[in-house]
Chemist: 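So that we are looking at the same thing, I have put the structure below in structure tokens.
All figures in this text were calculated on a predicted structure; none of them were measured in a lab.
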Amino acid sequence: MASASLTPPALIGRSAELAVLDGHFDTARARGAGLMLTGEAGVGKTALLDAAALRTSEAGFRVLRISGCPFQRGVGFSALNQLLHPLAEEIPALPARQAATLQAVRGLSEEQPSELLGIANAVQALLTRTATGTGPLALLVDDVAWVDRPSATVLGTLARSPHTGPIALLGASRTGDESLLSNIGIPEYEVRPLDDVSANELVADRFPAMAARVRRRLVAEARGNPLALLELPVPLNDLQQTERGALPAVLPLTERLKGIFSTRVAALPAATRKLLLLAVLEGSGELHILQRALGGPGSLAGLSPAERAGLVQVDGVTGRLEFRHPLTRSAVLDLSTSEERRSAHRALAAELPEGSEHRARHLADAAVGLDDHVAALLHEVAYSTLRRGDAVGAITTLLRASELSGTGTAKARRLAEAACLGANITGDLRNVRALLDNAGDADPSGMDSLAAATAAASQLLNGEGDVDTAHRLLVGAIDTHVWPEDGETVEDVFREALNTLLMVCFYGGRPELWHSFEDLVERRRPPASRRLLPVIMGTFGDPAYGALPFLDRLDRLVLGLHQQSDPVRVFGVALSASYTDRLPGCRGALRRVVDDGRDGGAVALAIQAQFLLANDAYAGGQWDDVLEMTEEGLGWCETHDYRLTASTGHFQRGLVAAARGDGTTARGIADRLVSWGNPRGLGALRVYASHIRALSALGGGDFDTAHRLLRAIGTPGEVPRFMPHALWLLLDFTEAAVHTDHREEAAAHVAAVRGTGIPSISPRLAMVTDAAEAMASPDSIEHDLFEAAIATPGAERWPFDWARICLAYGERLRRAKAGGAARVHLDAALGTFERLGAAPWSARAADELRASGIPVKPLRPVARDGRDRPALLTPQERVAAQLAATGLTNKQIAARLFLSPRTVAAHLRSVFRKLNVTSRGGLRDALTGPLP
């Protein structure tokens, strides 16, 4: 009969060990058996004994437990009495001599216990009688090394006896511990640490709110030791606070972990502990650095005791000193005094070159009291840390520099800069006020600094949306700022000030804000700021008029993003790419920024990076992804009080709702954007709302409403300056104008667009401009323009725009009585709209198809693996393939589709490759039957 397989819910990653235990108890049920679990301290042996108790109890075993105790190790039969106590009522049924022996062992008679063999025989008789009467026994012995010697002798005799009966002995012993019971030849099974997957699962199960970066650190430090995984978070106190700050270089130990990892360290000679402390603080394990810090040749001799104790080893390949378990480092640090640590830091700093970041950090850790020199060094280190992408570490370093600052002015400056980075990068918007208050206490005049103004403006903008006050504050601070000779540090502060002012101008959406920005930058920018700022201004601030000169440079920047670690620069490049249709090249870098935010890093930038990715997903027709991305981004906005930034996420959700026909949601989002944005002078939110409402109206065929909404945010025939959103509204305005008999407005607007060179910015803008001009044509069908738009290389990257163009072309063809050609384009539009879930647009396309006289039954062959066949082909490839399958020539297909024969041939070559056919004869089966 097999054992029950009930697993305690808290036991994770132990399926192999539980299978071994099941086999052991199945064997013991028939003839008795013993097994010893071995493994390092904290590896989970006791947890396995607990699981064994539950499993065997469910399987019909009677469970008896013994736990060794260090305080009773010298008390004879103390462990054995734990076994006899629950069997006390059955002892009198034994033969008188055996009963008397066991009562003597229990101390219940004046008689002295007999020799150990007699006691072992009496225990065996008791257990055998019990197993025969009540069922098999499971005898579980924990901490075998602490079982007193007489009890261990009796239990060992019992384990070796071949006539025990259905009794299963399961012990647990720490690897390396010596005990009588573990040295009698009982089979052993080593319990190994958890693998990384199970370790992560365990921590996530017990600490679900823990940030991913904290969890990864704990898993790395614990090396699969379950006790360490569960205990290490305890000294970190509030995990939510830890999520926003830098973790200590060496994690502190709880009392339980100290008992495991500190014992062997404490037993080492003082010279060895000093060497290990240097190794912990130095971090790299480079022996030559440790040797110099200790005083030269021969100083590494103290390493031998630690190597013999199994605490460290020297890697044979790299020659570096390695701790066998990371928590040994914690034990070394825990056993040292503060003066010993400062002395070690001083010794290490002395061996590092001037200007070294590690030297600055060692000097800071060795400092007692104020030290302006070290504070200045840390100040520089903070910004090099920021440029490596560690914004949280940069702020932590700035705060330490402020603690060491000897003057109120320097302290205030560094606190203000920490507030600035926190507001703009790491998402510490709620802490900005406290940091600025502390800066004001240190030096009231410091509140006029550029960093303080930037932090305050960020709080005003992102929290209250007070764009006008934020603008005045920033312009005044930048215009009056006196530049000290601080090199790149100044550049970083100035960059944050300009980035904040850039967002003020964008959300304000008024030309006068942008004009003052341009004038200010021209007057005040230091040389290094010229690198990226003009690109952002031209491609994001005013792309209709300023993008073209910077596109080649932008393309190079996008191409190099995979090597960029600075999240601020990544965001700047991606922002430049957002209105110029280059976001696909930024996806990898933006995802790194988002991942960093998930890990508790640059959350403020992660929010904006996530919304940029959502923009890309919307343009690419991945609308479900838009909803998923914005949900996460909006959750961050709520957590960190970024109310204005949240408007972008709401806008994107509103667009999807409008395109899919969810008018209630679309109207609700648009109304909220307007009601929050208008009183605050946030012009961008008004444009967001108009876009949502106009798209919803267009889908429902309410062209008058769409025209009124779009005309209110722009003058027909003029491409407004400093309104990048206008590049997304060309198709909408043209369609609304044409359907409301305002073709002259549409034509004038298209002419203005061509006059600015907008079509040269990207293939998408060229596609929609050609389509808009074709739609605006009053007399004839502009086949060449429609065909050029539909055949735009890479048009599948913008499926919604492409399908709308197909719909417009099909509408014009049907009304011109070219029903066959119209049906081809209307069917292509319908298929794309259906895939996107754009219900009102699907309805429009279906209505046009019905009006052309055919039933609406789009072809949907399905492959064996469940894939929708049209997903293999672009819409135009599918239409060309259908016509070719009927026997038409390329020339005939081209005439029907108003394409060139050469374009048709290219489409069919792609179809043959995708469907794995080699001739037109195979197309019909490939389109209607299962995939080969």
Chemist: Between E17 and K45, is the closest basic N to carboxylate O distance under 4.0 Å?
Modeler: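 No, K45 and E17 are not salt-bridged.
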
Chemist: Measure the CZ-CZ distance between R329 and F261 for me, rounded to the nearest 0.5 Å.
Modeler: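 Rounded to the nearest 0.5 Å, the CZ-CZ separation comes out at 12.0 Å.
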
Chemist: Are R414 and E417 close enough for a salt bridge, meaning some N to O gap below 4.0 Å?
Modeler: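 Looking at E417 together with R414, the answer is no, because their closest N to O distance does not fall below 4.0 Å.
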
Chemist: Within the supplied structure, the quantity of interest is the number of heavy atoms (other residues, nucleotides, ligands) at a distance under 6.0 Å from E339 CD; does it exceed 12?
Modeler: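 Yes, the 6.0 Å shell around CD holds more than 12 heavy atoms from other groups.
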
Chemist: Before giving the answer on salt bridge (Lys or Arg N to Asp or Glu O under 4.0 Å), spell out for R320 and E286 the whole-Å C-alpha distance, their side-chain angles and the decisive distance to 0.1 Å.
Modeler: CA-CA 5 Å; R320 292 177 177 173; E286 295 287 354; 3.0 Å; yes

Chemist: Roughly how far, to the nearest 0.5 Å, is the CG atom of D142 from the CG atom of L170?
Modeler: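 Between atom CG of L170 and atom CG of D142 there are 9.5 Å.
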
Chemist: Does H358 use its side chain to pair, donor to acceptor, with the backbone of P353 at less than 3.5 Å?
Modeler: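 Flag not set: sc H358 to bb P353 has no pair under 3.5 Å.
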
Chemist: Any side-chain heavy-atom pair from L229 and R206 closer than 4.5 angstrom?
Modeler: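 Side chain of L229 against side chain of R206, heavy atoms only: no contact under 4.5 Å found.
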
Chemist: Would you find a donor on one side and an acceptor on the other, under 3.5 Å apart, between the side chain of S173 and the backbone of T38?
Modeler: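 No.
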
Chemist: Go through the steps to decide whether D50 and R65 satisfy the test salt bridge (Lys or Arg N to Asp or Glu O under 4.0 Å), and finish with yes or no.
Modeler: CA-CA 10 Å; D50 292 339; R65 298 197 68 161; 2.8 Å; yes

Chemist: Is there side-chain contact between L321 and V314, with at least one heavy-atom pair below 4.5 Å?
Modeler: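 A side-chain contact under 4.5 Å exists here.
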
Chemist: Rounded at 0.5 Å granularity, tell me how far CG in L230 sits from CZ in F207.
Modeler: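 Going from CG on L230 over to CZ on F207, the span is 6.0 Å.
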
Chemist: Take atom NE2 in H85; do more than 12 heavy atoms of anything else shown fall under 6.0 Å from it?
Modeler: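 No.
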
Chemist: Does V203 reach the side chain of V214, with side-chain heavy atoms less than 4.5 Å apart?
Modeler: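 Sidechains of V214 and V203: no contact.
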
Chemist: Counting only N and O atoms by type, is there a donor-acceptor contact under 3.5 Å from the side chain of T328 to the main-chain atoms of H325?
Modeler: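 Pair found, side chain donor or acceptor close to backbone of H325.
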
Chemist: Does a sphere of radius 6.0 Å around CZ in R342 hold more than 12 heavy atoms from other residues, nucleotides or ligands, not counting ones at 6.0 Å or beyond?
Modeler: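 More than 12 within 6.0 Å, yes.
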
Chemist: In the structure I gave you, are the side-chain heavy atoms of P193 and N225 within less than 4.5 Å of one another anywhere?
Modeler: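 P193 vs N225: side chains apart.
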
Chemist: Using only atom types and a distance under 3.5 Å, with no angle test, would you say the side chain of S57 pairs donor to acceptor with the backbone of L54?
Modeler: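 A pair under 3.5 Å: no.
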
Chemist: Tell me, do V105 and V154 make a side-chain contact under 4.5 Å, heavy atoms counted?
Modeler: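 No, their side chains stay 4.5 Å or more apart.
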
Chemist: Could you walk me through whether R192 and E190 satisfy the salt bridge (Lys or Arg N to Asp or Glu O under 4.0 Å) test, starting with their C-alpha distance in whole Å, then the side-chain angles of each, then the deciding distance to 0.1 Å, before giving a yes or no?
Modeler: CA-CA 6 Å; R192 304 289 298 172; E190 183 181 7; 2.9 Å; yes

Chemist: Donor-acceptor pair, R264 side chain versus A309 backbone, under 3.5 Å?
Modeler: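 Checking the backbone N and O of A309 against the side chain of R264, a donor-acceptor pair under 3.5 Å is found.
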
Chemist: Side-chain contact, heavy-atom cut-off 4.5 Å: R341 with D365?
Modeler: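 A side-chain contact under 4.5 Å is absent here.
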
Chemist: Is there a donor-acceptor contact under 3.5 Å from the side chain of E282 to the main chain of L290?
Modeler: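 Not a single qualifying donor-acceptor pair exists.
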
Chemist: How many angstroms lie between CG in D566 and CG in D492, if you round to the nearest 0.5 Å?
Modeler: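 Reported to 0.5 Å precision, the distance equals 7.5 Å.
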
Chemist: Looking only at the side chains, is there a donor atom on one of H288 and R292 sitting less than 3.5 Å from an acceptor on the other?
Modeler: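 The answer is yes; a qualifying pair exists.
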
Chemist: Hey, does the side chain of D596 reach the backbone of R592 with a donor-acceptor pair shorter than 3.5 angstrom?
Modeler: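 No, the answer is negative, given that no donor and acceptor are paired below the 3.5 Å cut-off.
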
Chemist: I'd like to check F323 versus L276 (side-chain heavy atoms, cut-off strictly below 4.5 Å). Are they in contact?
Modeler: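 They are in contact (side-chain heavy atoms under 4.5 Å apart), so the answer is yes.
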
Chemist: When you measure from the side chain of R215 to the backbone of A204, do you find a donor-acceptor pair of N or O atoms at a distance under 3.5 Å?
Modeler: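 Between the backbone of A204 and the side chain of R215 there is no qualifying donor-acceptor contact (under 3.5 Å).
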
Chemist: Please check this pair: side chain of R223 against backbone of R324, looking for a donor-acceptor N/O pair closer than 3.5 Å.
Modeler: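 Side chain of R223 to backbone of R324, a donor-acceptor pair under 3.5 Å: yes, one is there.
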
Chemist: Is the closest side-chain heavy-atom distance between D390 and V392 below 4.5 Å?
Modeler: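 A side-chain contact under 4.5 Å exists here.
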
Chemist: Salt bridge (Lys or Arg N to Asp or Glu O under 4.0 Å) between K274 and E340: does it pass, once the steps are laid out?
Modeler: CA-CA 8 Å; K274 179 180 179 181; E340 286 172 337; over 6 Å; no

Chemist: Is a side-chain donor or acceptor of S151 paired with a backbone partner of L80 at a separation under 3.5 angstrom?
Modeler: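 Side chain of S151 to backbone of L80, a donor-acceptor pair under 3.5 Å: yes, one is there.
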
Chemist: Classify the ring geometry of F25 against F61: parallel below 30°, tilted from 30° to 60°, perpendicular beyond 60°.
Modeler: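 The arrangement is perpendicular - the two ring planes meet at more than 60°.
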
